[in-house]
Amino acid sequence: MAAGSSSKGGEVPTRSQSEANRKLKYISLAVLVVQNASLILSIRYVRTLPGDRFFTTSAVVMAEVLKVMTCLLIILLQKRCSLKGTFWFLLDSVVFQYHDTLKLAVPSLIYTLQNNLQYVAISNLPAATFQVTYQLKILTTALFSVLMLRKSLSRVQWVSLLLLFAGVAIVQVQQEGNKEAAVADASNQNYMVGLVAVVISCLSSGFAGVYFERILKGSAASVWMRNVQLGIFGTALGLLGMWWNDGAAVAERGFLFGYTGMVWCVIFNQAFGGLLVAVVVKYADNILKGFATSFSIIVSTVMSIYLFGFHVDLLFTAGAGLVIGAVYMYSLPKAPGGSLSPNSSSSSASAEPPRTDVGGEMEAFLPKAPLSAASGTD
């Protein structure tokens with residue numbers, strides 16, 4: 001009788017927990033789609049508006065500062081608002097364990113470069129074209145995982161990578177045909193510059209994610225502490241890049257020159273979008289992440305038609321369709337025995353870094369779409 005009563009009583013929380021998890025998955029899907037699509041569309045919008053343009057290098061620095069401040073606040077709350085406890089914790093994690101901190105210098109440099117390149121790419125490419133082309137980061141992440149981490153991919157994943165490359169190539173052929181018309185609409189945009197920027201960004205995204213996983217595997221540090229450590233290097237490197245590229249102009253016009261409400265929205269999206277995705281992504285499996293990325297491509301394309309007069313023809317539809325299908329295929333779980341690697345689940349992650357404890361942290365630094373990282377983002 002007691003056993004039956006216990007069993008019956010146990011069904012209620014199980015059912016309610018299952019329903020709660022289902023709701024969290026739907027919320028996660030919405031968050032990932034909105035973050036992926038909104039960041040690209042908003043950057044494209046603010047970079048094509050007439051009038052004074054803000055310095056993208058200052059926007060990258062500002063996003064890093066906001067991210068570090070947010071993570072410091074969260075750490076303070078975790079320490080029950082103890083300033084002394086937080087200070088000693090940060091001193092120990094950042095200064096005393098400086099070897100661990102220095103490991104993040106390389107990925108931080110790459111992420112800073114990637115954030116700046118994204119502005120360059122989106123400023124010179126249609127938002128939908130960038131969103132499709134940027135999925136090449138799945139290919140680069142997979143290849144670097146195989147080369148650096150000796151991970152194996154299933155046959156379905158290799159086929160999906162071939163489809164991904166074919167889809168992106170078709171989109172580029174379509175864009176080559178429309179390039180003259182696009183340049184005529186915006187004389188200050190250079191399609192080739194945007195294409196080179198997004199390709200380098202994809203390469204850096206893949207390398208940084210895999211390198212980050214390799215050096216930090218097994219680390220016990222929290223996602224917030226990792227963001228602080230990365231943010232310290234990111235802010236310093238971002239300031240160096242701003243001085244190198246826009247130093248004289250920033251000195252003359254000011255750090256916040258050209259900032260509008262919409263620009264602040266972009267910066268907040270970059271700063272908090274990746275952190276939000278890092279928190280949300282634990283409720284989203286790889287299939288859901290793949291579906292979210294695919295759906296965000298559709299959203300970006302539809303919104304680009306209305307916001308920027310983007311023209312969709314048969315070639316673009318075919319190329320984007322291949323990319324969407326490839327992203328979803330790559331995120332599918334492997335069949336039992338389909339991989340020789342015991343860690344194959346992390347290699348089946350989508351464009352963002354693998355789904356390990358470290359991988360979850362890495363997604364906070366990618367623009368994701370990005371953001372997410374991932375992107376992503378990152």
Side-chain angles (χ1 to χ4, degrees), residues 32-48 117-140 159-203 205 289-331 350-351 367-371 374-376:
L32 290 171
V33 170
V34 170
Q35 203 277 332
N36 279 339
S38 65
L39 179 60
I40 295 170
L41 290 169
S42 58
I43 291 178
R44 176 66 181 175
Y45 180 74
V46 297
R47 294 301 292 169
T48 55
L117 285 174
Q118 281 189 335
Y119 274 108
V120 175
I122 299 175
S123 299
N124 289 279
L125 294 176
T129 303
F130 172 84
Q131 180 78 307
V132 171
T133 309
Y134 194 58
Q135 300 314 311
L136 281 175
K137 63 184 178 179
I138 298 176
L139 175 62
T140 60
V159 171
S160 69
L161 293 177
L162 290 175
L163 292 176
L164 174 69
F165 186 80
V168 172
I170 291 173
V171 169
Q172 298 312 315
V173 170
Q174 183 266 348
Q175 287 298 302
E176 186 68 26
N178 295 338
K179 188 166 65 173
E180 293 182 4
V183 171
D185 292 337
S187 58
N188 59 338
Q189 297 179 29
N190 189 315
Y191 182 84
M192 189 53 63
V193 169
L195 182 59
V196 171
V198 74
V199 169
I200 296 176
S201 184
C202 289
L203 287 170
S205 174
K289 287 164 59 184
F291 182 79
T293 302
S294 302
F295 193 65
S296 67
I297 294 175
I298 299 174
V299 172
S300 296
T301 302
V302 172
M303 293 301 296
S304 294
I305 295 173
Y306 290 100
L307 292 176
F308 312 117
F310 183 72
H311 176 66
V312 177
D313 58 15
L314 185 60
L315 267 181
F316 182 88
T317 303
L322 282 176
V323 170
I324 290 171
V327 170
Y328 185 75
M329 284 176 60
Y330 190 82
S331 64
S350 44
K368 307 277 225 309
L371 149 58
S375 80

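Numbering starts at 1 and runs along the sequence shown. No experiment lies behind these values; they were computed from the predicted model shown.
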Considering only heavy atoms from C-beta outward, does the side chain of [X] approach that of [Y] to under 4.5 Å?
X      : Y      : answer
Leu163 : Met329 : yes
Tyr191 : Asn124 : no
Phe316 : His311 : no
Val323 : Val171 : no
Gln135 : Ile297 : yes
Leu117 : Val198 : no

How far does [atom1] of [X] sit from [atom2] of [Y], to the nearest 0.5 angstrom?
X      : Y      : atom1 : atom2 : answer
Asn190 : Ser123 : CG    : OG    : 12.0 Å
Ser42  : Met303 : OG    : CE    : 11.0 Å
Leu164 : Lys137 : CG    : NZ    : 11.0 Å
Ile40  : Thr129 : CD1   : OG1   : 11.0 Å
Leu203 : Leu139 : CG    : CG    : 9.0 Å
Leu322 : Ser160 : CG    : OG    : 11.5 Å

Can you name the closest pair of heavy atoms from [X] and [Y] and give their distance?
X      : Y      : value
Phe310 : Ile305 : O-CG1, 3.5 Å
Ala121 : Gly194 : CB-O, 3.6 Å
Cys202 : Leu136 : SG-CB, 3.8 Å
Tyr328 : Ser294 : N-OG, 4.0 Å
Ser300 : Leu41  : O-CD2, 3.9 Å

[X] side chain vs [Y] backbone, donor-acceptor pair below 3.5 Å:
X      : Y      : value
Arg44  : Ala128 : no
Ser296 : Val33  : no
Ser201 : Ala197 : no

Counting neighbours of CZ on Phe295 that are heavy atoms of other residues, nucleotides or ligands and sit closer than 6.0 Å, is the number greater than 12?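 No - once you tally the heavy atoms of other residues, nucleotides and ligands closer than 6.0 Å, there are 12 at most.
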Within 6.0 angstrom of Tyr45 OH, more than 12 heavy atoms from elsewhere: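 Atom OH in Tyr45 is not crowded, with 12 or fewer foreign heavy atoms closer than 6.0 Å.
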When you check the side-chain N and O atoms of Gln172 and Thr133, is any donor under 3.5 Å from an acceptor?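 Side-chain D/A pair, Gln172 to Thr133: present.
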